[in-house]
Engineer: 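Sharing a structure below in structure tokens format, with a few things to ask.
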Amino acid sequence: MLKKILHTLKSLGRRVKGGGDAKKEDARGPKADRPDDPGQAQRPGGAHAHAAHRHGPHAIRGHAEGHGHTGGRGSTDGRGHGEGRTSEGRGHAAGRGHSGPREAGAYDSASARDAGTAWTPGADDPAKRRRRRGGRGRRREEGAGVAGEAAPVAAEPPPPPGPPWDPASYVVPPAEGKTRFQDLGLPVEILHAIADLGFQYCTPIQAGTLPATLEGRDMAGRAQTGTGKTAAFLITVFTRFLRSPDREGRRPGSARALVLAPTRELAMQIERDAADLGKYCGVRSVAVYGGEDMDRQRRRLAAGPVDLLIATPGRLLDFHARHEIHLNRVEILVIDEADRMLDMGFIPDVRRIVYSTPHKDRRQTLLFSATLSEPILRLASSWTRDPAKVEIEPENVAVDTVNQIVYIVTAAEKWPLLYNLLTREKPERVLVFVNRRDTAERLDELVKRAGFPCALISGALAQNQRTRALEDFREGRIQVLVATDVAGRGLHVTGISHVVNFNTPIDPEDYVHRIGRTGRAGASGTSVTFACEEESFYLPPIEEYIGRSLPCTVPEEEWVKLPEGVPNLPPSRPRGPSPFGHGGGRGGPRRGPPRGGLRRGR
């Protein structure tokens, strides 16, 4: 029985070995061009033809172009005719046949016959393969650089560098009680960027923190938004990079500095500021945050080591769990808006991130917060090493640079007052804050129907919509931006002349953060607050928080009247279930009938 099996196997081996040449002889005939047997069309026969079927033009290019002999794994398995790595151009084929680019028009019947292989129309037609693969073949042809193809277009050389920047051209006269950036001994690359941005003197938080942080000390700083603290820690980070270049190779996704921000808007703003301050430093910055395409951020991380990583806690932990971000080489850790992290419940996530970085004795930690409360101080003591403490009082921001006006109005007079403010004072950019999402939607509709370019940002919108609205507002394509407190922190747009609190904020801290969108970095601005019969009770806690009284005025009668033809109420909207549930309050509108059911006659 065993002899019979061996005899059968030997006979099958001779049949396979001898069948290749026989089928190769038939492949040169007209039947090979139009085979009657579908199986023959799929696999024309022989080792060479089998390789052509499996690998297309790559598998036979070593024969078709006459560049030498094959050196793969033999001819019977069909893998010895690929290109792979070559010793002289494309002369010596040694791989599986997929390493080289596809050659336009290289595979035709003539070249197949010269190679001693069969060509079957349609089975391995490169044009059809490109159509099936969605144009991948066409993209490979571009820039392939193989004989028979167009040579790739060489990239234009970078423009020759101009004359080096002279620090002596950055002239800032000394001023009593102010600190110049030249006095801090900053690298020339950073001074050049500061000069381009038009900064002359340090803000109080910068003057208080930079001397200590530039020497490598940890910092716990108390400062509101709009004080220039972002530039303070970015200057510290970039100075360390320039003074201590990274001489050891790091793997992709490994960061030298990490900045944690509570919101997407703040992370995006820090990324823009980093691009402005670090444009001459050669620093690679990457920002990762929720609401954006994760694959796009993954590609940026995989492109190489990261110098500055800006992240929100949730998205950072997602990448860290997938081992696509590595925090074991972090030299500087910055925690921005620590009080906001605490309010939003991010501290457990932040704690996990902090413990993934090197020990606090082997890193520099900078913590900034609007308040240095007892919980924040406990966190600072756990995560920092003998930190220097700098506190900037909130009234220095809320009083000195912002003209604050409070109008006592009824709820029905708010929209007429806002309309007359826009038409009579003609501000260039106005940021209007409301307390609820449904109020934001209705107000956005009213402003647009009144003829003003307007956009809306709230937590109900997708991230790309919010980003587009902010960019339009920043570029001046829209005049009015209606926002909930989601934009209260981290939003930095130059030229905001007016901030309008259409609803008086409930939290005094939100008031300071709102009006901090204007009058930033020492510039002047105007904040207008509408206080109605229900919201006037929020004013005393705000006055206590900022340490001064707010003068309240009643607007003139003409300012609370709408001209004829100006819409007063948005069109009615059909009731329906809300995608955010039935909850009301600051989180969003309450949908459905009122509690207790519908009343008769209503």
Side-chain angles (χ1 to χ4, degrees), residues 179 181 183-187 190 202-225 227-246 248 254-262 270 274 277 307-311 313 316 326-343 346-394 396:
T179 302
F181 289 99
D183 302 333
L184 299 174
L186 300 176
I190 298 177
C202 297
T203 63
I205 188 64
Q206 294 167 357
T209 59
L210 282 173
T213 58
L214 290 175
E215 293 179 357
R217 287 197 62 185
D218 289 2
M219 175 61 60
R222 177 193 177 193
Q224 306 289 341
T225 56
T227 56
K229 58 182 173 57
T230 301
F233 64 71
L234 287 177
I235 289 174
T236 301
V237 170
F238 293 154
T239 301
R240 184 183 182 110
F241 288 167
L242 294 172
R243 290 177 178 174
S244 303
D246 184 23
E248 297 182 4
S254 178
R256 293 188 66 188
L258 171 63
V259 179
L260 290 178
I270 295 173
L277 282 172
D307 296 314
L308 175 62
L309 178 63
I310 306 155
L316 176 60
H326 310 285
L327 304 177
N328 58 326
R329 302 285 294 276
V330 169
E331 303 171 20
I332 302 180
L333 172 64
V334 180
I335 303 173
D336 198 11
E337 303 283 4
D339 58 328
R340 187 72 167 172
M341 300 266 197
L342 184 64
D343 295 340
F346 287 156
I347 294 303
D349 291 343
V350 175
R351 187 176 287 109
R352 290 175 55 192
I353 294 170
V354 172
Y355 292 157
S356 299
T357 64
H359 191 266
K360 62 182 180 180
D361 294 337
R362 294 185 287 115
R363 69 164 193 267
Q364 183 180 9
T365 306
L366 311 178
L367 184 145
F368 293 93
S369 175
T371 59
L372 289 179
S373 59
E374 187 63 29
I376 299 299
L377 290 176
R378 284 198 301 267
L379 294 176
S381 63
S382 301
W383 298 339
T384 59
R385 179 189 68 253
D386 186 24
K389 292 184 176 65
V390 175
E391 298 190 36
I392 305 299
E393 296 299 326
N396 292 342

Engineer: Is a side-chain N or O of R243 found less than 3.5 angstrom from the main chain of P187, in a donor-acceptor match?
Structural biologist: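 Flag not set: sc R243 to bb P187 has no pair under 3.5 Å.
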Engineer: Nearest 0.5 Å, what's the OG1-NZ distance between T365 and K360?
Structural biologist: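 So the gap between those two atoms works out to 8.5 Å.
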Engineer: Set out, in order, the CA-CA distance, both residues' side-chain angles and the distance that settles side chain to side chain contact (heavy atoms under 4.5 Å, CB included) for V330 and L309, then state yes or no.
Structural biologist: CA-CA 10 Å; V330 169; L309 178 63; over 6 Å; no
Engineer: Can you check whether L210 reaches T236 side chain to side chain, under 4.5 Å on heavy atoms?
Structural biologist: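 Yes, side chains in contact.
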Engineer: Please give me the minimum heavy-atom distance between R217 and Q364, naming the atom from each residue.
Structural biologist: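 Shortest heavy-atom separation between R217 and Q364 comes out as O-NE2, 2.8 Å.
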Engineer: Are I376 and L367 close enough that some pair of their side-chain heavy atoms sits under 4.5 Å apart?
Structural biologist: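 They are in side-chain contact.
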Engineer: Stepwise, does the side chain to side chain contact (heavy atoms under 4.5 Å, CB included) test hold for W383 with L333?
Structural biologist: CA-CA 10 Å; W383 298 339; L333 172 64; 5.8 Å; no
Engineer: For P387 and A220, which heavy atoms make the closest approach, and how far apart are they?
Structural biologist: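 Taking every non-hydrogen atom into account, CB-N, 4.1 Å.
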Engineer: Compare every heavy atom of A232 with every heavy atom of T209, then report the nearest pair and how far apart it is.
Structural biologist: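 Smallest heavy-atom distance, with atoms named: OG1-CB, 3.7 Å.
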Engineer: Identify the two heavy atoms, one from S369 and one from D339, that lie closest to each other, and give their separation to 0.1 Å.
Structural biologist: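 Between these two residues, the closest heavy atoms are OG-CB, 3.3 Å.
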Engineer: Quick check: do L316 and L258 have side-chain heavy atoms less than 4.5 Å from each other?
Structural biologist: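 Yes, their side chains come closer than 4.5 Å.
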Engineer: Quick one: does Q206's side chain have a donor or acceptor within less than 3.5 Å of a partner on A231's backbone?
Structural biologist: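 Checking the backbone N and O of A231 against the side chain of Q206, no donor-acceptor pair under 3.5 Å is found.
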Engineer: Of all the heavy-atom pairs spanning A388 and A212, show the shortest one and how long it is.
Structural biologist: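 Smallest interatomic distance, heavy atoms only, reads CB-CB, 4.3 Å.
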Engineer: What distance do L327 atom CG and R256 atom CZ have between them, rounded to the nearest 0.5 Å?
Structural biologist: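 Between L327 CG and R256 CZ, I get 15.0 Å after rounding to 0.5 Å.
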Engineer: For a side chain to side chain contact (heavy atoms under 4.5 Å, CB included) check, start with the C-alpha distance between D349 and M341, then their side-chain angles and the critical distance, and finish with the verdict.
Structural biologist: CA-CA 9 Å; D349 291 343; M341 300 266 197; over 6 Å; no
Engineer: The test is side chain to side chain contact (heavy atoms under 4.5 Å, CB included); show your working for I270 and F233 and say whether it passes.
Structural biologist: CA-CA 10 Å; I270 295 173; F233 64 71; 4.2 Å; yes
Engineer: Answer whether the closest heavy-atom distance between the side chains of E337 and K229 falls below 4.5 Å.
Structural biologist: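 Yes - at least one pair of side-chain heavy atoms lies under 4.5 Å apart.
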Engineer: Is it true that a side-chain atom of D218 and a backbone atom of R385 form a donor plus acceptor pair closer than 3.5 Å?
Structural biologist: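 A pair under 3.5 Å: yes.
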Engineer: Can you measure from CG (L184) to CG (L214) and round to the nearest 0.5 angstrom?
Structural biologist: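 Rounded to the nearest 0.5 Å, the CG-CG separation comes out at 6.5 Å.
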Engineer: Taking all heavy atoms of F346 and all of P262, pick out the closest pair and write down the distance.
Structural biologist: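 The answer is CE1-O, 3.3 Å.
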Engineer: Quick one: are T179 and P211 in side-chain contact, heavy atoms under 4.5 Å?
Structural biologist: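 Of all side-chain heavy-atom pairs linking P211 with T179, none is under 4.5 Å.
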Engineer: Side chains of K389 and L377: closer than 4.5 Å at any heavy-atom pair?
Structural biologist: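 Answer yes - side chains close enough.
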Engineer: Quick one: does any side-chain atom of T203 pair with a main-chain N or O of T227 as donor and acceptor, under 3.5 Å?
Structural biologist: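 Side chain of T203 to backbone of T227: a pair is present.
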Engineer: Going by atom type alone, with no hydrogens or angles, which donor-acceptor pairs under 3.5 Å involve a side-chain atom of residues 351-358 and a protein atom two or more places apart or on another chain?
Structural biologist:
residue: S356; atom: OG; partner: R352; partner atom: O; Å: 2.9
residue: T357; atom: OG1; partner: V354; partner atom: O; Å: 2.5
residue: T357; atom: OG1; partner: R363; partner atom: NH1; Å: 3.1

Engineer: Using salt bridge (charged side-chain N to carboxylate O under 4.0 Å, His left out) as the criterion, list what pairs up with D307, not counting sequence neighbours.
Structural biologist: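 Partners of D307 by the salt bridge (charged side-chain N to carboxylate O under 4.0 Å, His left out) criterion, ordered by chain and then number, come out as R250.
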Engineer: Calculate, to the nearest 0.5 Å, the distance between atoms CD and CG belonging to E331 and D246 respectively.
Structural biologist: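 One gets 6.5 Å once the value is rounded to the nearest 0.5 Å.
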Engineer: Okay, side chain of H326, backbone of N328: is any donor-acceptor separation there less than 3.5 Å?
Structural biologist: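 A pair under 3.5 Å: no.
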Engineer: Is there a side-chain contact between I235 and F181, using heavy atoms and a 4.5 Å cut-off?
Structural biologist: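 Of all side-chain heavy-atom pairs linking F181 with I235, at least one is under 4.5 Å.
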Engineer: Considering only heavy atoms from C-beta outward, does the side chain of L277 approach that of T230 to under 4.5 Å?
Structural biologist: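 No, too far: nothing below the 4.5 Å cut-off.
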